[in-house]
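Order of appearance sets the numbers: ligands from 1, and atoms from 1 within every ligand.
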Amino acid sequence: MSERSSIELEPGTLLQAAREVARNSYSPYSRFRVGAALKLSNGEIVTGTNVENSSYGLTICAERSAVARAVAQFGPEIRIEAVAVANLNDTASSPCGACRQVLAEFIAPDAPVIFAASNGVRTMPFSELLPLAFEMKPK
Ligand code: THU
């Protein structure tokens with residue numbers, strides 16, 4: 001029986017899902033094709049890709065499109081256990097600041113975030129990517 005933890009096994013599966021959905025990217029302006037895959041606490045994997053707009057500013061990133069999709073599919077109680085982000089441009093890219101703040105709403109601080117770094121695939125706990133996220137607890 002393997003001793004590897006589920007977190008060690010996750011990068012391959014989640015990254016593969018992120019890479020696959022990146023092929024659906026709508027990115028005619030940047031040609032930067034991004035995919036994100038979320039592992040939810042209900043066991044589901046939900047993916048998203050970037051959808052650009054001619055106004056540029058209305059572009060939605062892969063990570064935020066995955067979060068919107070996860071809530072639409074499974075409701076407001078979703079919890080994110082792990083995130084993977086991939087691009088098809090063979091370049092380093094961690095989730096942007098806006099996406100980190102949106103992920104913060106649904107993710108555990110110690111959830112692994114897997115992304116392409118300059119020296120290969122990197123996994124970091126979410127809290128290291130966004131310490132001190134803005135929070136406003138609903139009353
Ligand atoms: N992009 C993402 O999808 N995720 C990120 O975290 C950063 C950037 C997209 C937005 C845009 O379509 C393209 O990458 C170039 O910025």
Side-chain angles (χ1 to χ4, degrees):
M1 185 68 184
S2 164
E3 291 290 318
R4 288 195 297 167
S5 74
S6 60
I7 281 178
E8 281 173 282
L9 290 169
E10 261 158 17
T13 317
L14 269 189
L15 259 186
Q16 191 49 38
R19 282 193 71 80
E20 275 167 27
V21 72
R23 294 166 59 201
N24 290 340
S25 167
Y26 178 73
S27 42
Y29 305 105
S30 71
R31 308 223 171 263
F32 193 64
R33 295 192 288 167
V34 189
L38 312 176
K39 165 96 186 296
L40 303 183
S41 59
N42 65 7
E44 300 281 349
I45 290 177
V46 177
T47 58
T49 191
N50 53 331
V51 180
E52 296 188 342
N53 186 268
S54 56
S55 74
Y56 287 29
L58 292 178
T59 291
I60 182 165
C61 292
E63 298 89 326
R64 276 177 288 152
S65 89
V67 169
R69 203 172 169 200
V71 174
Q73 263 185 285
F74 298 107
E77 304 298 335
I78 57 153
R79 298 307 302 164
I80 299 169
E81 286 187 344
V83 182
V85 184
N87 68 76
L88 302 186
N89 298 58
D90 283 328
T91 188
S93 76
S94 65
C96 79
C99 289
R100 293 178 197 196
Q101 182 65 43
V102 169
L103 287 164
E105 203 75 26
F106 302 101
I107 199 167
D110 61 349
V113 181
I114 303 141
F115 58 93
S118 52
N119 53 351
V121 174
R122 189 155 178 203
T123 303
M124 285 176 74
F126 180 75
S127 59
E128 280 183 32
L129 283 174
L130 186 63
L132 297 176
F134 175 75
E135 263 186 88
M136 192 167 65
K137 293 270 179 254
K139 286 189 184 146

State whether the shortest distance between N or O atoms of Asn50 and N or O atoms of ligand 1 falls below 3.5 angstrom.
yes

Just checking, any donor-acceptor pair under 3.5 angstrom between side chains of Thr91 and Asn89?
no

Heavy-atom check, side chain of Phe32 versus side chain of Ser93, under 4.5 Å:
yes

When you measure from atom 4 (N) of ligand 1 to every protein heavy atom, which one gives the shortest distance, and what is it?
Glu63 OE1, 2.8 Å

Any nitrogen or oxygen of Phe32, side chain or backbone, less than 3.5 Å from one on ligand 1?
no

Below 4.0 Å, non-hydrogen atoms only: which portion of Ala62 touches ligand 1? Side chain, backbone, both or neither.
both

Who's the nearest protein heavy-atom neighbour of atom 8 (C) of ligand 1, and how far?
Cys61 SG, 3.9 Å

Geometry only, no angles: is Ser27 polar-contacting ligand 1 at N/O separations under 3.5 Å?
no

Rounded to the nearest 0.5 Å, what separates atom CD in Gln101 from atom SG in Cys96?
11.0 Å

Heavy-atom protein neighbour under 4.0 angstrom from atom 16 (O) of ligand 1:
no

Measuring only between side-chain heavy atoms, which start at C-beta, is Phe115 closer than 4.5 Å to Val121?
no

Out of curiosity, does Met124 fall in the hydrophobic cluster containing Ile114 (side-chain heavy atoms, cut-off under 4.5 Å, transitive links)?
no

